[in-house]
There are 2 protein chains.
Amino acid sequence: MKNKQKQIQLRDVQDVIDVIGGRWRGAILASLCDKEKRFNELKRDLGNITPRTLTKELKYLEMNKLVSREVDTSGAVTISYSLTEHGKSLEPLIVQIVAWGQKHRKVVLARVVLPT
Amino acid sequence: MKNKQKQIQLRDVQDVIDVIGGRWRGAILASLCDKEKRFNELKRDLGNITPRTLTKELKYLEMNKLVSREVDTSGAVTISYSLTEHGKSLEPLIVQIVAWGQKHRKVVLARVVLPT
DNA sequence: ATTAGCAGTATCCTAAAAGATAGTGGTATT
DNA sequence: AATACCACTATCTTTTAGGATACTGCTAAT
């Protein structure tokens with residue numbers, strides 16, 4: 001039973017890794033924590049993601065109810081992506097991730113020794 | 001400056017995803033949160049990871065100072081893997097990940113509708 | 001002496017992720 | 001009228017992760 005419990009937890013970890021993992025998903029979510037964004041705005045934000053990948057990832061996040069896509073047809077059609085309520089519930093996690101990441105960077109870089 | 005700050009955060013998120021991401025790293029760390037383990041013990045724990053992959057991932061985690069490998073030569077040589085202090089500092093994060101993962105599972109499964 | 005478990009290595013192979021690049025149909029700008 | 005930006009889509013190729021499988025050298029148990 002203790003073991004079964006453990007299995008379940010590993011599964012949960014895997015689920016989350018799936019959602020925020022990969023090269024881009026975490027970064028997209030982190031970027032949307034800031035505020036809602038449009039497609040090309042996200043693209044610029046993320047640096048060198050290709051449109052193909054961005055499209056794919058946004059669709060995945062939509063399907064997982066983390067991001068919603070809204071079309072505004074008043075005037076020129078614009079499309080904005082934002083976190084859903086569920087997506088927003090990720091924010092504290094992302095904050096903690098960023099904090100740990102900064103600590104981690106220091107620990108790992110500590111091994112770098114410059115040669116004379 | 002606000003923008004630069006944002007870039008840095010995205011980088012941190014990426015770093016963490018890198019460390020706990022992939023098919024196995026998160027699970028290995030979660031498993032080692034429990035207690036130190038030997039190679040084949042981990043292998044059984046993780047289900048169907050191949051030894052090749054387990055070796056590779058453990059080396060990666062070692063290099064990133066999250067896991068330490070200890071050899072015991074009294075009697076038959078045994079090797080145990082455990083979290084370093086730095087690795088242990090990940091535990092609260094993993095706990096939060098598991099918690100969110102359970103919530104997420106409910107939200108996503110909520111879309112499943114059984115046909116008549 | 002043989003079998004079994006430990007802690008891996010070595011090769012080969014496949015599938016999935018993501019990059020590069022070009023193009024599309026629309027609107028707004030000058 | 002021409003250019004530029006928006007929000008993508010389509011193809012093609014490369015890269016990477018990770019699985020399958022077999023094998024190794026060692027020790028302990030039967």
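As a basis for the values below, the full set of heavy atoms in this structure was taken, side chains included, without hydrogen atoms, waters or symmetry mates. All chains are named by letter (A, B, ...) in the order of the sequence lines, taking the proteins before the strands, and each is independently numbered beginning at 1. Treat the numbers as computed from the prediction; the structure is a model and nothing was measured.
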What does R69(B) touch in the nucleic acid at a heavy-atom separation under 4.0 angstrom: a base, only the sugar-phosphate, or nothing? sugar-phosphate
Tell me: CG of N40(B) to C1' of dG8(C), nearest whole Å? 9 Å
What is the distance from CG of N48(A) to C1' of dA18(C), rounded to the nearest Å? 11 Å
Just how far is it from atom CG of L61(B) to atom CZ of R69(B), taken to the nearest 0.5 Å? 13.5 Å
Closest to the 5' end of DNA chain C, once G75(A) and R25(A) are matched to their nearest nucleotides, is R25(A)
Considering only heavy atoms and no angle criterion, is a donor-acceptor pair shorter than 3.5 Å present between the side chain of R52(A) and the base of dA18(C)? yes
Where is the tightest heavy-atom contact between L10(B) and A30(A), given as atom of each residue plus distance? CD2-CB, 3.5 Å
Over how many whole Å does the gap from R23(A) atom CZ to dA16(C) atom C1' extend? 16 Å
So which nucleotide from dG18(D), dG19(D), dA7(C) ends up closest to the side chain of F39(B)? dA7(C)
Atom-to-atom span, OH of Y60(B) to P of dG18(D) - whole angstrom: 11 Å
In whole Å, what is the span from the NZ atom of K59(B) to the C1' atom of dG18(D)? 16 Å
I need the minimum non-hydrogen distance between D18(B) and R25(B), along with the two atoms involved. O-NE, 3.1 Å
Between E70(A) (CD) and dC8(D) (P), how many Å, whole number? 13 Å
For atom CD1 of I79(A) and atom C1' of dC8(D), their distance in whole Å: 8 Å
Output the single nucleotide from dT27(C), dA22(D), dG19(D) whose closest atom is nearest the side chain of A76(A). dT27(C)
What's the closest nucleotide to the T53(B) side chain, out of dA22(D), dA7(D), dG19(D)? dG19(D)
Picking from dT9(C), dG19(C), dG18(D), which would you name as closest to the side chain of P51(B)? dT9(C)
Here the distance between atom C1' of dA18(C) and atom CG of L54(A), to the nearest Å, is 13 Å
Can a side-chain donor-acceptor contact be found between K37(B) and S80(B) if the only test is distance below 3.5 angstrom? no
For T50(A) and for T55(B), locate the closest nucleotide of DNA chain C by heavy-atom distance; then report the residue assigned to the nucleotide nearer the 5' terminus. T55(B)
Please check if any side-chain donor atom of S89(A) sits under 3.5 Å from a side-chain acceptor atom of W100(B), or the reverse. yes
Mind checking if E57(B) touches a base, just sugar-phosphate, or nothing, with heavy atoms under 4.0 Å? sugar-phosphate
